[in-house]
Amino acid sequence: MHEIIQFIMDESVTDLPENSTVKSVGKSANVDHSAARRNLLKLGVAGMPMVLTLKASARQLAISQLNCVIVLPSRMRILVDSDGNAWSGTRNISYDASKGGYKLSDIQKFKDHRNTREFTGGLPNSLTPSACSSYSYGGGQDDCDDDSGGKGDDDDYDYYYDADFENASSDLDLLMQASSNTYADGIEAGYSSKDDDDDDDCEEPTHIDCGYYFTTLRRNREIRPGDFIDGSVWDLRGDDGLFVALSLQYACGVSETGWPGISCIVSILTYLRQNGGSNACPPY
Amino acid sequence: MAAGPITDDMKWRSSSDGYIATEFDDTYLVFVKASAETHFLNFLSFGIVTETESVAQTATELAMNLRRRFELTDEELTQELVSLTLSELDDTGLIWPETV
Amino acid sequence: MSTVTRVSDLSRREIRSSLREGSLLLHLGPFAQLISGSSDPLIDFLQDTYRDCQVELFPSDVTDVHLNLRAPNILRKFFRPQVVPDPGFEVPAVPLPIEMAPLAFEMGLNLSVALKCCRFVTIHAGVVADKDGAILMSAESGSGKSTLTAALLERGYRLFSDEFALVGLGDAVLQPYPRPISLKEETIPIVRELAGDEWISPIVKGSPKGDIAYRRARRSDIDQSHKQAKAKLILFPEFEPGMRPYKRRLNTAEAILRLIPASTNFGLLGEQAYLAITRLFDDAVAYELSYGSTEQSLSLIDEALQERDDHAA
């Protein structure tokens, strides 16, 4: 906007309309304005606005709250299903294209894990994966009798969390950095000694490639919730938008503490409420 | 608040009671009292506001009167640009269509 | 009987007792601010950073602001104590550890003035003044406004405010409100170097805004906080390390359109605010400044002042 104003001012010369009673500032007398005006009209025909509106009714402190940045203190994984439910946690869910998608047992373990938070419904359509047209389980034949706790089962490594979650998390980050595999793959590669998943012989489907969206947000990822505000409503997209959507559900329905970057979200909600945002909280 | 679809036979009005204008080198800052919004107008858009204060006018009438006032030809100030500017001004609340 | 005295003349016990009872009235600039909520970090802060300010322990007058620094809930009053600023209306503030009570105090005062003051147009800006008039510096956080304000103090300017330009509604005259200058992270050593160690408060570490310290207002700033000034220079500074110094004279319309969004109560005051901001430019000229060091910013200001004087002559 400032650029346009500067341009218009550079193009303009002074003159008050006849019989004008408006206050005049910086007026220079006896300047021929006709050429500049004709030029402005040409620009108007070409699409330059004839009216500029300063939208701000100006609460700079509140506006600065819109610019807050959330830096994720630790890695966060998010699972979304086609009903708009979501889970956030720390476990990984294996994706194996050769077996037809995400491992079902991992999905269930992710949902059931004690560090997982569940969000029931409420995500906008833009963040919800399509439902399966027909259940398309993958072809893997393993893990029917899960939760037995035997070697080679992913469950074995839950002790990482149970014993000392925070230290384990750091260890796992190191492991992740040292490997291009996913977390679960890394664990398997490092610790599994027998009874690999692939060796079982069950008929139950083990993988699914539709109806879910799963993503990992890395530690130190910077998320700017203000980027998802269009006027005074939310326009949530992508993984960062998904994080903001869950943050909103948390702030609006659960608590205003205990979620990364919640103060940023609360500030924005306050701003939106003060500025007439009708859809500050879900449903959108 | 826009008035909806703009038609050629609409007559437009304004009132100097509703705003405060400050002139800076042939451009105008206009504060609208009702909305507490500030707008930046050039000679044409502000000219439309002042033209419609005394008598309501259609886009055609405005284009004719503004050409005469600013000594412009039909080619220099087209009726299309006047209509476009009316539409922009309609959003500011500075002008409104006169109801019959 | 109520008497006005300086914070430095009060004992710690008196301050604590008054804060507990919610009867400590801080007089600063045009505002009377009633403070309640006792904590050791807040008392330390008041005794250090507000030592020269005038207070009343048993006020009888009306107050502009009532700021309560309270625990967010009963649990956080005793277990890992926390504090939130409560100015009597909903604010976007999160609980802070009790050690950060100074930050909560400053935030609470800022929000009170920013969102509820109706006697002045409040503009997020630093302001200093000399006998010829005031320099108003409007910038977003992180643009070097506080460092520039602090640097100008060392050149003999009076501190009006680091946070708010208070513009009179009728006359557009600027009103001093000499609160401490808030310094963040890397600006702390710069201002410490400029002002001297004795003028910098202890650092509040690990706050949501990073490390924070305050440059105290001088006693002379506080004692002259009734002396208003007309604006002579309105600046939109932007600091970025390594940036080439640059200065551009702004036309008044553009400067006004930049100042309006920086006002925290423009929407509240409406027409009066518009008129006051427009009148700010009666004697003032506006510049956009970009620079990579404090020395460069001061040189650019010198140039701008010279141009203004030349034009007036």
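Quick note on labels: first sequence line is chain A, next is B, and so on, each numbered from 1.
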Counting only heavy atoms not in [X], do more than 12 sit closer than 6.0 Å to its [atom1] atom?
{"X": "E53(B)", "atom1": "CD", "result": "yes"}
{"X": "K33(B)", "atom1": "NZ", "result": "yes"}
{"X": "D74(B)", "atom1": "CG", "result": "yes"}

If you compare all heavy atoms of E88(B) against all heavy atoms of M50(A), which two are closest, and at what distance to 0.1 Å?
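Reported closest heavy-atom pair: OE1-N, 3.0 Å.
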
Would you name the heavy atoms of S45(B) and V51(A) that are closest together and state the gap between them?
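In this case the closest contact between S45(B) and V51(A) is CB-CG2, 3.7 Å.
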
For a 4.5 angstrom cut-off between non-hydrogen side-chain atoms, does [X] reach [Y]?
{"X": "T53(A)", "Y": "D91(B)", "answer": "no"}
{"X": "L40(A)", "Y": "L44(B)", "answer": "no"}
{"X": "R38(A)", "Y": "L72(B)", "answer": "yes"}

L41(B) versus chain A, the contacting section by heavy-atom distance below 4.5 Å:
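It is both, since atoms from each part get that close.
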
Measure the spacing between CG of L41(A) and CG of N42(B) and express it to the nearest 0.5 Å.
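Output value for this atom pair is 7.5 Å.
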
Between atom CG of L29(B) and atom CG of L52(A), what is the distance when rounded to the nearest 0.5 Å?
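The CG atom of L29(B) sits 10.5 Å away from the CG atom of L52(A).
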
